[in-house]
Amino acid sequence: MARTQDLPATFGYPACRVVEKRVWILDMEWKGRRGSSNVEDARGRSGGGGSIGGGMGMGLLSLIGRKFGIKGILIAGVAFLLLWKMGIVDLNMLMGGSPVASSPAKISPEEQERFEFVKVVLADTERVWTEEFSRVGEQYSEPVMQVYRGRTQTACGAGSAEMGPFYCPGDRKVYIDLGFYDALAQTFKSPGDFAQAYVIAHEVGHHVQHLLGTSEKVAAKRGQPDYNEWSVRLELQADFLAGVWAKHNSGYLERGDIEEAMRAANAIGDDAIQKKSQGRVVPHSFTHGTSEQRMRWFNKGLKSGKIEDGDTFSMPYSQL
Ligand SMILES: [Zn+2]
């Protein structure tokens with residue numbers, strides 16, 4: 001029976017094949033390659049509490065204004081500036097923005113390496129989708145990826161690390177807390193670079209769906225009894241799109257286990273779905289489809305490499 005060790009050492013698509021329901025693919029060679037410039041490093045920023053601080057600051061000022069008039073506000077302003085100069089208060093608190101950490105975040109070499117890694121993966125998606133969109137006569141607009149820690153503010157509401165990586169259509173950003181990869185490594189023995197790259201490719205897939213208007217069509221089904229099915233179709237298509245990304249990057253991929261990658265991504269919460277109607281982010285409360293379905297659609301993308309072959313919406317649900 002063919003197992004991974006029987007596969008040729010230099011295989012890539014089309015030699016890449018299903019072996020006992022598993023797909024073996026090359027892991028990633030990424031060092032020394034170009035990273036994306038669309039990455040926002042928000043690791044030194046705390047997303048929590050900013051609006052509360054701002055609200056308090058402004059509330060206090062209007063109270064002083066009512067009681068003591070403009071003179072009172074001026075005196076309070078001078079006092080605030082003095083306190084700010086002495087480093088006791090944060091100017092951002094008054095302005096309503098997020099307080100900026102006064103000392104730069106401590107970043108370990110391992111974390112920095114992950115940061116460089118996700119930049120390269122994002123650059124790969126930019127290249128692939130720019131080519132694919134132009135092939136079908138469309139223009140791709142690149143998403144921004146925000147790397148944050150703990151909590152962050154998004155156009156879709158508050159995001160937190162527990163949600164895992166997610167995409168917010170409201171600001172066209174992919175959000176990721178690199179600690180997600182620690183969780184991935186703790187739960188699975190060796191998730192490998194491929195699993196780490198796959199979750200980004202899947203989220204960028206949601207961005208592609210947003211550009212094509214697919215996500216919004218599915219969002220419009222919210223509240224209908226078959227909404228869950230529409231969501232699964234959307235998720236499987238994002239897996240297909242991740243497969244298209246993998247096909248175009250097969251030169252950089254090394255042996256790894258896609259099924260494990262997908263199971264890993266699934267088990268750690270995967271992405272969170274943005275609730276556009278309510279303007280907030282909520283973790284997944286529905287299934288993405290079985291891991292077998294996800295692998296099948298990923299494989300379809302890997303085989304075809306073409307954006308138009310990923311129609312998960314026309315076929316009967318039972319045949320997905
Ligand atoms: Zn998803």
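Computation of the quantities below employed the complete heavy-atom set of this structure, encompassing side-chain atoms and omitting hydrogens, waters and symmetry-equivalent molecules. Every number for a ligand or one of its atoms is a count from 1 in the order of the listing. Position 1 is the first residue of the sequence; numbering continues from there.
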Peer 1: Verify the ring-centre separation between His206 and His202: is it less than 6.0 angstrom?
Peer 2: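 Yes.
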
Peer 1: Which atom names give the shortest non-hydrogen contact between Ile307 and Arg135, and what distance separates them?
Peer 2: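 Shortest heavy-atom contact: N-NH2, 3.8 Å.
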
Peer 1: If I take every N, O or S atom of Glu203, is at least one of them less than 2.8 Å from the Zn ion (ligand 1)?
Peer 2: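 Not a single backbone or side-chain N, O or S atom of Glu203 is under 2.8 Å from the Zn ion (ligand 1).
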
Peer 1: What is the name of the N/O/S atom of Glu235 that is nearest to the Zn ion (ligand 1)?
Peer 2: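 Relative to the Zn ion (ligand 1), the closest nitrogen, oxygen or sulfur of Glu235 carries the name OE1.
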
Peer 1: Angle subtended at the Zn ion (ligand 1) by NE2 of His206 and NE2 of His202, to 10 degrees?
Peer 2: 100°

Peer 1: Is atom CD of Gln224 surrounded by more than 12 heavy atoms (other residues, nucleotides or ligands) closer than 6.0 Å?
Peer 2: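 Above 12, so yes.
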
Peer 1: How would you list, by chain and number, every residue that makes a ring-ring contact (aromatic ring centres under 6.0 Å, His included) with Tyr175, sequence neighbours excluded?
Peer 2: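 Partners of Tyr175 by the ring-ring contact (aromatic ring centres under 6.0 Å, His included) criterion, ordered by chain and then number, come out as Phe166.
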
